[in-house]
Amino acid sequence: MKKTILSGSTVTGNLTLGNYIGAISNWTKLQNEYDCLYFLADLHALTVQQDPKILKDRIYSFYAQYLALGLDPQKNTIFVQSQVPYHTELSWILTCLTPMGYLNRMTQFKEKAERHVKNVNAGLFTYPVLMAADILLYQVDMVPVGEDQRQHMELARDIVGFWENRYGPGIFKLPEAYVGKVGARIMSLQDPSKKMSKSDDNEKNFIAIIDDPKVVEKKIKSATTDSDTVVKYDLENKAGLANLMNIYSVMTGKSFEEIEKLYEGKMYGHLKVDLAEIVVSTLTPVREKYLDLMKNQDYLDKLMNEGAMKAEARSEATLKKVYEATGLVPRKR
Ligand code: ATP
Ligand code: LTN
């Protein structure tokens, strides 16, 4: 039996190089060995205010980006969260088992509440419970995520404990987080003290997977570095350069030592020019495939439907058991 993997990305902004390196490149590697479910967390996106028209376009765009980045709809179940209603049903039941104190500790909630002071809604607070439901519905073994999601993964495991204390064992599998060793945290280009985030208001902070090659070049060239000139990996004193070296290393397979050697006696500018070329050559075919897919919305609709049907069929059994255990009466079909 193949192990089951599930992961998702919130439908906000545009997928970035950080998402690709930290998450989606791992997903594409895993798709051959494991039984994988990958989804668009569009309901999670609603925790911050969304323009309906933009959200809708983005759902198609993200789906096309998943495909363009190499996720195969034949090998994987690729679906849109809101198209499988069991996620929200399970989420409610789990919300009623999760102590507020646990949610209060979530650093992402604290950060987002600070960033969206005018819209600190209850969904932002209960976001990690919906994430736990996404995972627990499918009896998942492993969840490949970036470093920033570790805490939410711990909570998902705690929620299995809350459930079992109340209703007993045997329904949910305890999921493990899978955080890649390299590239787990790509930082913002202008402010390397914070992570590259796709919903950043300043576009210069991130490279979008579908950015025009010229824009990619510009963003890399204007990335913040320091006033020194020696190319040396030093996270503490040269955080901006370290971030560029990290991206360089992940995308070429070269170690930091190899990169340092390569740029001995050269300026940061040389490294930036080469890095821009490396990133552009990786992203160009993805962008072309993406633009092609976006011309055919019917095809995307068809794949989304198939994905949702597969996901629904797979999660039905868990939800039925949950209804039985909690004393709810499932509708007879
Ligand atoms: P947002 O800014 O909207 O919160 P995000 O860029 O953090 O978005 P998510 O949808 O939260 O993206 O994350 C999708 C996946 O990408 C997660 O597994 C997450 O850990 C990973 N990821 C996000 N940003 C980075 C980053 N800078 N470096 C490495 N991995 C990342
Ligand atoms: N919170 C995640 C997106 C997400 C997710 C999930 C990831 C929602 N549900 C389930 C893995 C498994 C994020 O990356 N921001």
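This structure is a prediction, so every number in the text was calculated from the model and none was measured. When a ligand or atom number is given, it counts from 1 through the structure's own listing order.
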Would you kindly specify which portion of [X] sits under 4.0 Å from ligand 1, judged on non-hydrogen atoms: side chain, backbone, both or neither?
X	result
Lys112	side chain
Ser9	both
Lys198	both
Thr10	both

Can you see which heavy atom on [X] is nearest to which on [Y], and at what distance?
X	Y	answer
Ala276	Ile220	CA-CD1, 3.6 Å
Cys36	Asn76	CB-OD1, 3.2 Å
Asp134	Leu6	O-CD1, 3.6 Å
Lys254	Ser249	O-OG, 2.8 Å

message = With a 4.0 Å cut-off on heavy atoms, is Asp148 in contact with ligand 1?
response = yes
ask   = So is Thr16 close enough to ligand 1, meaning a heavy atom under 4.0 angstrom away?
value = no
Any atoms of ligand 2 less than 4.0 Å from a non-hydrogen atom of [X]? List them with their elements.
X	answer
Val143	11 (C), 12 (C)
Ser7	11 (C)
Thr10	15 (N)
Leu6	10 (C), 12 (C)

N/O separation below 3.5 Å, Ser9 to ligand 2 = no
query = Is there a side-chain hydrogen bond (donor to acceptor under 3.5 Å, both in side chains) between Tyr248 and Asp274 once you walk through the steps?
reply = CA-CA 9 Å; Tyr248 196 121; Asp274 291 350; 4.6 Å; no
inquiry  = Below 30° counts as parallel, above 60° as perpendicular, anything between as tilted: where do the rings of Phe109 and Phe125 land?
reply    = perpendicular
ask   = Should the pair His87 and Tyr138 be assigned to parallel (<30°), tilted (30 to 60°) or perpendicular (>60°) ring geometry?
value = tilted
Basic-acidic side-chain contact under 4.0 Å: Glu257, Lys261 = no
From Ile24, Ile186, Leu40, Val250 - option closest to atom 28 (N) of ligand 1 by heavy atom = Ile186
Closest approach of any protein heavy atom to [atom], naming residue and atom:
atom	result
atom 15 (N) of ligand 2	Tyr127 OH, 3.0 Å
atom 9 (N) of ligand 2	Asp134 OD2, 2.6 Å
atom 3 (C) of ligand 2	Gly8 O, 3.6 Å

